[in-house]
Amino acid sequence: LVDKIKRVALANFHKSKWGEVLILKLYLKSEELAASNGYFSLDEILAHSPEWLQVEMRRHEKEEQGHVRALENRISNMAAAERDIPLYFFSNSKIKKFHLLAKEYENKFEVGLIVPALVVGLILENLGVRIFKRHIRVLQEIDGKSPTYLLLASLIKDEKRHMQGFLKSL
């Protein structure tokens, strides 16, 4: 039932350019948070990590920055008015809780913060995949060839690869 309600809401947002831009700006805020590693500094996360993992995490950070640029470009191409949209309260509080949990378990692992940070990253990437997949299903019903559809399909591929990388690293 919840999925059906969310799909109807997404379809309604797509009835106007403003609605589509609003959704894309919310995604942009989430990707900006991912690109900046949330409330962590990447140096803090990688302090006790092996070199191979540092390389992987730096690559991940660059890919997330690419997602930010792709979303910014799509929004810009839609000639959207410049209005800042805050990450809504539920997402913000959820991410703060994940940060606190990771910090709480940091000392439980010899390599420190990287282990709980990877788990948080895995959870958030999975959340992104679920959200983008729902949106893709809605767009398939409306217009499966829209630039937004193509963008989200590309992001899903990257996010799934990120999930696999996090699982492999753990």
| field | Heavy atoms of other groups near E110 CD, more than 12 under 6.0 Å | value |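 Atom CD in E110 is not crowded, with 12 or fewer foreign heavy atoms closer than 6.0 Å.
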What is the minimum heavy-atom distance between [X] and [Y], and which atoms define it?
X    : Y    : result
I156 : K133 : CD1-N, 3.7 Å
H67  : E31  : ND1-OE1, 3.0 Å
L53  : S49  : CD2-CB, 4.2 Å
I45  : A117 : CG2-CB, 3.9 Å
H135 : L10  : CA-CD1, 3.7 Å
L151 : A70  : CD1-CB, 3.6 Å

| query | Excluding sequence neighbours, so at least two apart, what forms side-chain contact (heavy atoms from CB on, under 4.5 Å) with E106? | reply |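 Only K103, L113 meet the side-chain contact (heavy atoms from CB on, under 4.5 Å) criterion with E106.
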Is any side-chain heavy atom of [Y] closer than 4.5 Å to one of [X]?
X    : Y    : result
V120 : L101 : no
L127 : I123 : no
R74  : T148 : yes
R58  : L46  : yes
R7   : K4   : no
Y27  : L152 : yes
E61  : Q65  : yes
K25  : K29  : no

If you round to the nearest 0.5 Å, how far is [atom2] of [Y] from [atom1] of [X]?
X    : Y    : atom1 : atom2 : answer
F166 : R161 : CZ    : CZ    : 11.0 Å
E44  : I114 : CD    : CD1   : 10.5 Å
R137 : I142 : CZ    : CD1   : 13.0 Å
D43  : Q54  : CG    : CD    : 8.5 Å
I131 : I23  : CD1   : CD1   : 10.0 Å

| request: Please determine if D3 and K6 form a salt bridge, counting it only when a charged side-chain N lies under 4.0 Å from a carboxylate O. | output: no
| said: Taking the basic N atoms (NZ, or NE/NH1/NH2) and the acidic carboxylate oxygens, is any pair closer than 4.0 Å for R59 and E63? | reply: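 Salt bridge between R59 and E63, a charged N being under 4.0 Å from a carboxylate O: yes.
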In terms of hydrophobic clusters joined by side-chain contacts under 4.5 Å, are [X] and [Y] together?
X    : Y    : result
L124 : L100 : no
V55  : L167 : no
L122 : F109 : yes
V8   : W18  : no

| request: For E32 and V68, indicate whether the former's side chain and the latter's backbone hold a donor-acceptor pair under 3.5 Å. | output: no
| Backbone N/O of L150 and side chain of S154: donor-acceptor pair under 3.5 Å | no
| field | side-chain contact (heavy atoms from CB on, under 4.5 Å) assessment of D158 paired with E64 | value | CA-CA 9 Å; D158 284 352; E64 293 294 349; over 6 Å; no
| field | Stepwise side-chain hydrogen bond (donor to acceptor under 3.5 Å, both in side chains) check, H60 with E56 | value | CA-CA 6 Å; H60 175 261; E56 289 298 313; over 6 Å; no
